[in-house]
2 protein chains.
Amino acid sequence: MPDVTLSRREAKDLTRRRLLASALRILDTEGEAGLSTGNVCRNAGVAQSTFYVHFRNMQDLLRALGEEASRKTGPVVRDARRRSSEAPHDPERLRAAFRVPLEKMCGHPEFFRLSVRARHDPASPLGESARRRSAEIRAQMVEDLVAAGLPADTPQQERRLEMVADGINALTETMAMGHLEGRYPDLEEAIDVLASFLSGIRGQLLADRRPEKGRPDT
Amino acid sequence: MPDVTLSRREAKDLTRRRLLASALRILDTEGEAGLSTGNVCRNAGVAQSTFYVHFRNMQDLLRALGEEASRKTGPVVRDARRRSSEAPHDPERLRAAFRVPLEKMCGHPEFFRLSVRARHDPASPLGESARRRSAEIRAQMVEDLVAAGLPADTPQQERRLEMVADGINALTETMAMGHLEGRYPDLEEAIDVLASFLSGIRGQLLADRRPEKGRPDT
DNA sequence: CAATTCACCGATAGTACTATCGGTGAACTC
DNA sequence: GAGTTCACCGATAGTACTATCGGTGAATTG
């Protein structure tokens, strides 16, 4: 039994994870303002100076936290969306493509809030890595929209699909926020609305593909 | 000419406005991190301690700033939206209803970002007032959607309109962010997308009003 | 078992900011 | 025009946080 006492490597890794978890807990309860090396370490039960054994500074910790979050939730969400794109007319797959990310967001509100804040805070310590992840998600979603049959023949149409991807993402986050705040108790209703938004914009964009039928937007 | 020297009241009011303008300038240039009583006062040309003649603390200033912004932009935005609701089939009025808030948001990018971020940060100094304003905007937008003919006959439909209002707002903010980040250079294209989103969801909700025609969402 | 490594600790220098206090002179009051 | 008010000022006590340093003991090495 070599596990009675922890090896030095295991012990260090455990402390590191405790620090990350502590930071996450603080972000969720006190917000970004409560995030200091001392506070994080006190919550994790180690000395303040131990912080610098594991991270160069707070920005370094936040970057690690963001990457962990995206590594956990990213692939699952992507998969659900791709399944929906493969069958654009299957309403249940469409709903699943919204349900999966919504449940991820609501299941780990602390991860979710962190990423949303990062998204709207390019000057924060998370800045660079958050922007990179956001761009990645957007590019993937554009791919999926094209796979679902939406037009991307001209640069303008491509840019429009990027806007739509941004929009779908923002809508999903907004519904999750509303649910977390208790205003939308039933997640299925939120999924209804998300599906309506997507179906609506999809109809608009497809109508645009055949402009000979006259103005479609009234 | 009694205005050669300022009255005490006028002078105080002028200083207060200078402090508010200074805070806004700092938010737009240095971001939230540069916001301190000393920095605000130095930029306004007064001593740091003078800050406390006008505001109880930084949160107090930010609250005042938020209220001033909402007092300035609120009615204009609301008016544009109402004009559009009065003529739901006028595409130019619809575009104006999106153009006005977009231009307001892009006018003071850092303040806009701060407000958005504050809603997702439980401990932000702006948090409470930002959430209050957000709820107000949502309620107004629901009114306008009803005025534009969208159904709100059942509690479920009312809740759905709230979700749609939240969504429109999030979409507008997202397009503003994209424009500010330089990804969407042409604001009119963003307006196109917003109009398409609204037309799309509008079609979906109106179709739902007459459910005897079968499932409309594929 | 002796030597070495290193995760963690306590202490602390340094920095930035908040908020208060008594003083000052110009505006105001009567 | 004598007394009062008060917006502003400089100084400063107090607070919070960052980042570094040398010491310590348990794990590791050979």
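Just so it is clear: chains get the letters A, B, ... in the order the sequence lines come, proteins before strands, and each one is counted from 1.
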Under a 4.0 Å threshold between the charged nitrogen and the carboxylate oxygen, would A/Asp13 count as salt-bridged to A/Arg17?
yes

Considering only NZ, NE, NH1 and NH2 on the basic side and carboxylate oxygens on the acidic side, decide whether B/Arg82 and B/Glu86 come within less than 4.0 Å.
no

From CG of A/Asp13 across to C1' of D/dA27 the rounded distance in Å is 16 Å

Atom CZ of B/Arg8 and atom P of D/dA7 are separated, to the nearest Å, by 6 Å

Check your understanding: Are the charged groups of A/Glu136 and A/Arg133 less than 4.0 angstrom apart, N to O?
Key -> no

Once base and sugar-phosphate atoms are separated, protein heavy atoms under 4.0 Å mark nucleotides 8-21 of chain D, 5' to 3', with B, S and - as BBBB-----SBBB-

Taking the basic N atoms (NZ, or NE/NH1/NH2) and the acidic carboxylate oxygens, is any pair closer than 4.0 Å for A/Arg99 and A/Glu188?
yes

With a 4.0 Å cut-off, would you call A/Arg83 and A/Glu92 a salt bridge? no

